[in-house]
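Numbered from 1 within each chain, the chains take letters A, B, ... in sequence-line order.
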Amino acid sequence: MISGKKTMEMIDKIDAMFPDAECELIHENSFELTIAVLLSAQCTDNLVNRVTRELFKKYKTPEDFLAVGLEELENDIRSIGLFRNKAKNIQKLCRDLIDRYDGEIPGNYDDLVSLAGVGRKTANVVLSVAFDVPRIAVDTHVERVTKRLGIARYKDSVLEVERTLMKKIPAERWSKTHHQLIFFGRYHCLSRSPKCDVCPLLEDCREGQKRMKVKAGQ
DNA sequence: CTCCCGATAT
DNA sequence: ATATCAGGAG
């Protein structure tokens with residue numbers, strides 16, 4: 001695994017590539033953000049935004065989501081995939097918000113993960129984006145790029161990846177870096193076909209070096 | 001660990 | 001055709 005200094009050199013290059021990286025899930029408040037992140041599991045941000053644009057016109061409060069039948073909500077989010085679990089979780093979550101949290105999204109980790117459909121990654125995104133609490137949410141992109149770059153080990157769990165990143169990156173940069181790693185993974189270090197040939201980090205990247213050798217030897 | 005799942009890119 | 005997409009619950 002790579003040193004903290006080397007890690008920050010790579011982080012700085014990614015910072016230069018995506019200086020304006022930010023949350024791309026369209027939302028107007030912490031409630032909409034939480035619903036959007038819940039919906040984003042195994043689905044692209046683009047598709048989530050396409051659905052929530054209509055969804056948030058129809059459903060503005062937890063009460064609105066509980067005012068319709070489960071089947072109607074399922075149909076309203078069907079195109080996102082995993083729609084049965086997500087619809088069920090949204091209604092449970094809204095019920096809990098009303099019963100236990102006065103209808104408001106709580107701003108601390110333990111309360112967030114107690115909500116249906118909200119796990120560690122979703123809670124970290126909500127804390128970071130909606131409440132300005134320093135967190136690093138490790139999603140599929142963050143996990144992939146940090147492992148490729150050698151910042152984390154391939155055998156590491158997402159929790160271990162998160163701890164490693166928090167250890168190597170100063171807390172005041174967690175939020176920004178988190179989004180920059182996602183942009184890097186989403187637009188440059190793609191899962192199927194990473195753009196190693198035009199990557200500013202190629203010389204630093206273990207996976208990139210490996211891939212270039214394979215490419216040269218065929 | 002498995003299951004949930006439609007849309008999209010390759 | 002199939003891998004992948006801002007994961008979480010059982």
Worksheet entry | Set of residues satisfying ring-ring contact (aromatic ring centres under 6.0 Å, His included) with respect to Tyr59(A), sequence neighbours excluded | Phe65(A)
Worksheet, complete the sentence: In this structure, CE of Met10(A) is separated from OG1 of Thr146(A) (nearest 0.5 Å) by 9.5 Å
Discussion item. Using whole Å, what does the distance between atom P of nucleotide dA6(C) and atom CD of Gln180(A) come to?
Written reply: 17 Å
Worksheet item: Given dT4(C), is OP1 or OP2 found less than 4.0 Å from the side-chain N or O atoms of Ser191(A)?
Response: yes
Worksheet item: In whole angstrom, what separates Lys195(A)'s NZ from dT10(B)'s P?
Response: 9 Å
Discussion item. Please give the distance between the P atoms of dT8(B) and dG8(C) as a whole number of Å.
Written reply: 23 Å
Worksheet item: Phosphate oxygens OP1/OP2 of dC5(C): is one of them under 4.0 Å from a side-chain N or O of Arg192(A)?
Response: no
Discussion item. So Val158(A), base contact, sugar-phosphate only, or nothing? Heavy-atom distance under 4.0 Å.
Written reply: nothing
Discussion item. In this structure, how many angstroms lie between the C1' atom of dG7(C) and the CG atom of Leu112(A), rounded?
Written reply: 15 Å
Worksheet item: Would you call Arg120(A) and Glu162(A) a salt bridge, taking side-chain N to carboxylate O under 4.0 Å as the test?
Response: yes
Return all side-chain donor-acceptor pairs below 3.5 angstrom for residues 188-199 of chain A, not counting sequence neighbours, or 'none' if the list is empty.
residue, atom, partner, partner atom, Å
His188(A), NE2, Lys195(A), O, 3.4
Lys195(A), NZ, Tyr187(A), O, 3.4

Discussion item. Go nucleotide by nucleotide along DNA chain C from the 5' end; which of Gly117(A) and Leu25(A) gets its closest nucleotide reached first?
Written reply: Leu25(A)
Practice prompt. Let me know the distance between CD of Glu143(A) and P of dC5(C), rounded to the nearest Å.
Written response: 10 Å
Fill in: Touch class at under 4.0 angstrom, heavy-atom based, for Arg78(A) against every strand present
sugar-phosphate
Discussion item. Whole angstroms only, please: what is the CG-C1' distance between Asp45(A) and dA9(B)?
Written reply: 16 Å
Worksheet item: dG8(C) P sits how many Å from Lys86(A) NZ, rounded?
Response: 11 Å
Fill in: Given Val118(A), Leu33(A), Thr34(A), the one that forms side-chain contact (heavy atoms from CB on, under 4.5 Å) with Ile105(A)
Thr34(A)
Worksheet item: Base, sugar-phosphate, or nothing for Leu190(A), non-hydrogen atoms under 4.0 angstrom?
Response: nothing
Item to complete: Report yes if a side-chain nitrogen or oxygen of Ser79(A) is closer than 4.0 Å to either non-bridging phosphate oxygen (OP1 or OP2) of dA7(B); otherwise report no.
Response: no
Discussion item. Is Arg120(A) close enough to dG8(C) that one of its side-chain N or O atoms is under 4.0 Å from OP1 or OP2 there?
Written reply: no
Practice prompt. In whole angstrom, give me the gap between the P atoms of dA6(C) and dT2(B).
Written response: 23 Å
Worksheet item: Does a nitrogen or oxygen in the side chain of Arg84(A) sit under 4.0 Å from OP1 or OP2 of dC5(B)?
Response: yes
Worksheet item: When the nearest nucleotide of DNA chain C is assigned to Ser40(A) and to Leu115(A) on a heavy-atom basis, which residue is associated with the more 5' position?
Response: Ser40(A)
Worksheet item: Would you say Asp15(A)'s side chain and Ile11(A)'s backbone share a donor-acceptor pair under 3.5 angstrom?
Response: no
Worksheet item: Quick one: is dT8(B) close enough that its OP1 or OP2 comes under 4.0 Å of any side-chain N or O from Arg50(A)?
Response: yes
Worksheet entry | Euclidean distance, atom CD1 of residue Ile80(A) to atom C1' of dA6(C) [Å, nearest integer] | 12 Å
Practice prompt. Under 4.0 Å between any heavy atoms, over every strand shown, what does Gly119(A) touch: base, sugar-phosphate, or nothing? Just pick one.
Written response: sugar-phosphate
Worksheet item: Could you give the NZ-to-P distance, from Lys92(A) to dA9(C), as a whole number of Å?
Response: 9 Å
Worksheet item: Using a cut-off of 4.0 Å on non-hydrogen atoms, how would the nucleic acid contact of Ile182(A) be classed: base, sugar-phosphate, or nothing?
Response: base
Item to complete: Counting heavy atoms from C-beta on, name the nucleotide in dA6(C), dG8(C), dC5(C) closest to the side chain of Thr122(A).
Response: dG8(C)
